[in-house]
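Accompanying notes for the structure given below.
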Amino acid sequence: MTYFSQGTLEKRPENAAVRCCFKAMGYTDYELDKRPLIGIANSWNTIVPGHYNLRDVSEHVKKGIYAAGGTAVEFGVIAGCDGVADWGEGMKYSLPSREVICDSIELQVKMSHLDGVVLLGSCDKIVPGMLMAAARLDIPAILLGGGPMLGGVEFDGRQSDQTSPDEAMGMLAAGLISQESLMDLEETAVPGCGSCAYLGTANSMCCIAEALGMSLPGAALIPAVYAQRLRTAFHTGQAICHLTREGITSRQIITEASVKNAIRVVNAISASTNSVLHLTAIAKEAGLSMDVVREFAGAGKNTPHLAKVNPAAKWTMEDFYKAGGIPRVMGKMHGHLDEEVMTCTGRTLGENLRQYRFLYPENPEIIRSWEAPFSEFGGIAVLEGNLAPQTAITKPGAYDPSLYHFVGKARVFDGEEAANEAILKGSIRPGDVVVIRYEGPKGGPGMREMYHAMKYLYGLGLGPSTALITDGRFSGTNNGCFVGHISPEAAEGGPIAIVEDGDSIEIDVRKGLIRLELTDEEIRDRLARWEMPQRPAPAGYLARYAEKAASAAEGAVMK
């Protein structure tokens, strides 16, 4: 690749026309000569609480870039909030937006001939989209999030968060709380900006970026309101200039070994099930031939669960940060990670861990040792069986071991809205397996999160006695017995399409099994009679996504 600042931009008079474009914005000869040109891909906006502070973060990144001898150029990136999109049609656009984010960063970087890029984004599809772009571009790149928000007022035995009002909706339907209490919770559950105060997809992906070596050590979990977040932004600006001068590019950091490290960390902290989708997509963009889902299946069986935070425990992201965060977790995994992998510091993972300075004491109630874990196996499990021939994903780290084996009767719904209505009307009983289908990448389209259904079940007190399975996704905040990413999805004629009310379904986490209690012949007969239900045809971008989307087992990327 030819970069302007590596001998092209300063060539005069040949590039006078290019230089005058920069000078039109006030850039000087000092900034354009012999200094790396560093892009800042900033997803700041005033729609997403996780990105609300990124304008300030960006200013400190710029200071670091200038201090290290670089020149910063900034551009915008779209960013949606799942919390805002989470009603109806809006959520259909969330996962597909990941591809647009990746593509737009590639386009801007290529058009601008940047030497390196700092990626600023905190939330569910933005961070994976940015990491995909970094892997695709293979230039020096570092990701920095805006940091998690603080927890809210205490509710149901723990600090509240953005999902608490939905749990309260279930409690309201059950007559356990008043509408006035729910309205009060709306005011106090989310005290300020940042990514959500639990280990949802947003914070999971920032943790993954750090585990991959694509963020500075400790960067993932510094709360949004902490000054340490701004100091880390400054150091990120310095680090990207170092990477650029050393010629250390993204594909030297995102390797098969570092992806395997990240998979083990996901299991050790019981991160979001969406981690499987996104790491699969990132590995594809990095040109890796590894089977990420199979790697998750293996890692889940031999990686103990070392860290427990909300939704698996009462602890918030601020608590997790103070307990040592990802550096502490990876330190507890010494001997079980590849510590020779390169990172964005220009040093190996092992060097980073040995040099890391912890600012707060350990908390064994949050992070345990490899020898004394919360569970002997990891927080993510891959299931297979006649109901999911191409795999499905669950998160045993977020629910009680009594639910690791569940057998129940199917209650089938062709879409999220019908399921939510039935749950809130009290139509679901203990022992039911709620089946929500036609919510996959093609069928949704867009693979919405079935977050509300699980929260309503929890609020109604049905969390310990029901299960929910879907070809859609789940939020990292969900708890209870749930299975998502069922592949093939219903819209592609997967077996989930022919499940009927009353069918018996078995989920066995320890055996990695999800099974419809029908014979192979009965399944074949039903599939032979199956017809895709009539549904409104998607339009615009969703139509393109539905046409080209791969299965969840392939990362739901656009082919």
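Heads up: numbering here begins at 1 and tracks the sequence. Keep in mind that the numbers below use all heavy atoms, side chains included, and drop hydrogens, waters and symmetry copies.
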pair [X]-[Y]: side-chain heavy atoms closer than 4.5 Å:
{"X": "Leu221", "Y": "Cys206", "result": "no"}
{"X": "Asn203", "Y": "Tyr198", "result": "no"}
{"X": "Cys241", "Y": "Ile65", "result": "yes"}
{"X": "Ile326", "Y": "Ile269", "result": "yes"}
{"X": "Tyr27", "Y": "Val73", "result": "yes"}
{"X": "Tyr30", "Y": "Thr71", "result": "no"}
{"X": "Val259", "Y": "Ile282", "result": "no"}
{"X": "Met132", "Y": "Glu99", "result": "yes"}

For the backbone of [Y] and the side chain of [X], can you confirm whether one donor and one acceptor N or O come within less than 3.5 Å of each other?
{"X": "Ser112", "Y": "Leu114", "answer": "no"}
{"X": "Gln252", "Y": "Thr249", "answer": "yes"}
{"X": "Ser250", "Y": "Pro140", "answer": "no"}
{"X": "Arg98", "Y": "Ile126", "answer": "no"}
{"X": "Arg245", "Y": "Ile240", "answer": "no"}
{"X": "Lys395", "Y": "Ile380", "answer": "no"}
{"X": "His60", "Y": "Leu230", "answer": "no"}
{"X": "Asn53", "Y": "Val225", "answer": "no"}
{"X": "Lys125", "Y": "Gly80", "answer": "no"}
{"X": "Ser43", "Y": "Val77", "answer": "no"}

Please report the shortest heavy-atom distance between [X] and [Y], naming the atom on each side.
{"X": "Pro327", "Y": "Pro217", "value": "CG-C, 4.4 Å"}
{"X": "Gly415", "Y": "Glu439", "value": "CA-OE2, 3.5 Å"}
{"X": "Val329", "Y": "Ala307", "value": "CG2-CB, 4.2 Å"}
{"X": "Thr316", "Y": "Gly151", "value": "CG2-CA, 4.2 Å"}
{"X": "Gly50", "Y": "Ser122", "value": "O-OG, 3.1 Å"}
{"X": "Ala497", "Y": "Ala490", "value": "CB-O, 3.7 Å"}

For Phe234, look at atom CZ and say whether over 12 heavy atoms of other residues, nucleotides or ligands are found less than 6.0 Å away.
yes
Identify, with sequence neighbours excluded, every residue that meets side-chain hydrogen bond (donor to acceptor under 3.5 Å, both in side chains) alongside [X].
{"X": "Thr303", "result": "Arg264"}
{"X": "Asn42", "result": "Glu74"}
{"X": "Thr391", "result": "none"}

Rounded distance [0.5 Å steps], [atom1] in [X] versus [atom2] in [Y]:
{"X": "Leu212", "Y": "Ile253", "atom1": "CG", "atom2": "CD1", "result": "9.5 Å"}
{"X": "Cys344", "Y": "Leu143", "atom1": "SG", "atom2": "CG", "result": "9.0 Å"}
{"X": "Glu449", "Y": "Asp82", "atom1": "CD", "atom2": "CG", "result": "4.5 Å"}
{"X": "Lys284", "Y": "Arg136", "atom1": "NZ", "atom2": "CZ", "result": "13.0 Å"}
{"X": "Met205", "Y": "Ser272", "atom1": "CE", "atom2": "OG", "result": "9.0 Å"}
{"X": "Arg473", "Y": "Thr273", "atom1": "CZ", "atom2": "OG1", "result": "8.5 Å"}

Of all residues at least two apart in sequence or in a different chain, which pass the ring-ring contact (aromatic ring centres under 6.0 Å, His included) check with Phe75?
none
Can you list everything that forms a salt bridge (Lys or Arg N to Asp or Glu O under 4.0 Å) with [X]? Sequence neighbours excluded, please.
{"X": "Glu416", "answer": "Arg448"}
{"X": "Glu489", "answer": "none"}
{"X": "Asp414", "answer": "Arg437"}
{"X": "Glu186", "answer": "none"}

Between the side chains of Lys260 and Glu256, is the shortest nitrogen-to-carboxylate-oxygen separation below 4.0 Å, so that they form an ion pair?
yes
Give a yes or no on whether a salt bridge exists between Arg19 and Asp29, defined as a side-chain N under 4.0 angstrom from a carboxylate O.
yes
side-chain contact (heavy atoms from CB on, under 4.5 Å), that's the test. Do Ile208 and Met214 meet it? Break it down for me.
CA-CA 9 Å; Ile208 285 170; Met214 288 295 292; over 6 Å; no
Verdict with supporting geometry, Leu95 and Tyr545, side-chain contact (heavy atoms from CB on, under 4.5 Å)
CA-CA 10 Å; Leu95 180 59; Tyr545 183 79; 3.7 Å; yes
With Ala197 via side chain to side chain contact (heavy atoms under 4.5 Å, CB included) - residues at least two apart:
Met149, Asp161
Excluding sequence neighbours, so at least two apart, what forms side chain to side chain contact (heavy atoms under 4.5 Å, CB included) with Val100?
Ile78, Tyr541
Hey, mind stepping through Asn45 and His51 against side chain to side chain donor-acceptor pair (under 3.5 Å) and telling me if it holds?
CA-CA 6 Å; Asn45 62 45; His51 295 197; 4.9 Å; no
Checking Glu339 against Thr348 for the side-chain contact (heavy atoms from CB on, under 4.5 Å) test, could you report, in this order, the C-alpha distance in whole Å, the side-chain angles of both residues, the deciding distance, and whether it holds?
CA-CA 7 Å; Glu339 296 187 10; Thr348 66; over 6 Å; no
Assess whether side-chain contact (heavy atoms from CB on, under 4.5 Å) is satisfied between Thr201 and His278, documenting all intermediate values.
CA-CA 10 Å; Thr201 306; His278 298 320; 4.0 Å; yes
Taking distance alone, no hydrogens or angles, what donor-acceptor pairs closer than 3.5 Å link side-chain atoms of residues 547-559 to residues at least two apart or in another chain?
{"from": "Ser551", "atom 1": "OG", "to": "Ala553", "atom 2": "N", "distance (Å)": "3.3"}
{"from": "Ser551", "atom 1": "OG", "to": "Glu554", "atom 2": "N", "distance (Å)": "3.4"}
{"from": "Ser551", "atom 1": "OG", "to": "Glu554", "atom 2": "OE1", "distance (Å)": "3.4"}

Within residues 204-216 or reaching into it, pairs that qualify as side-chain hydrogen bond (donor to acceptor under 3.5 Å, both in side chains) - sequence neighbours excluded
none
How are the rings of Phe474 and Phe482 set to each other: parallel, tilted or perpendicular (split at 30° and 60°)?
tilted
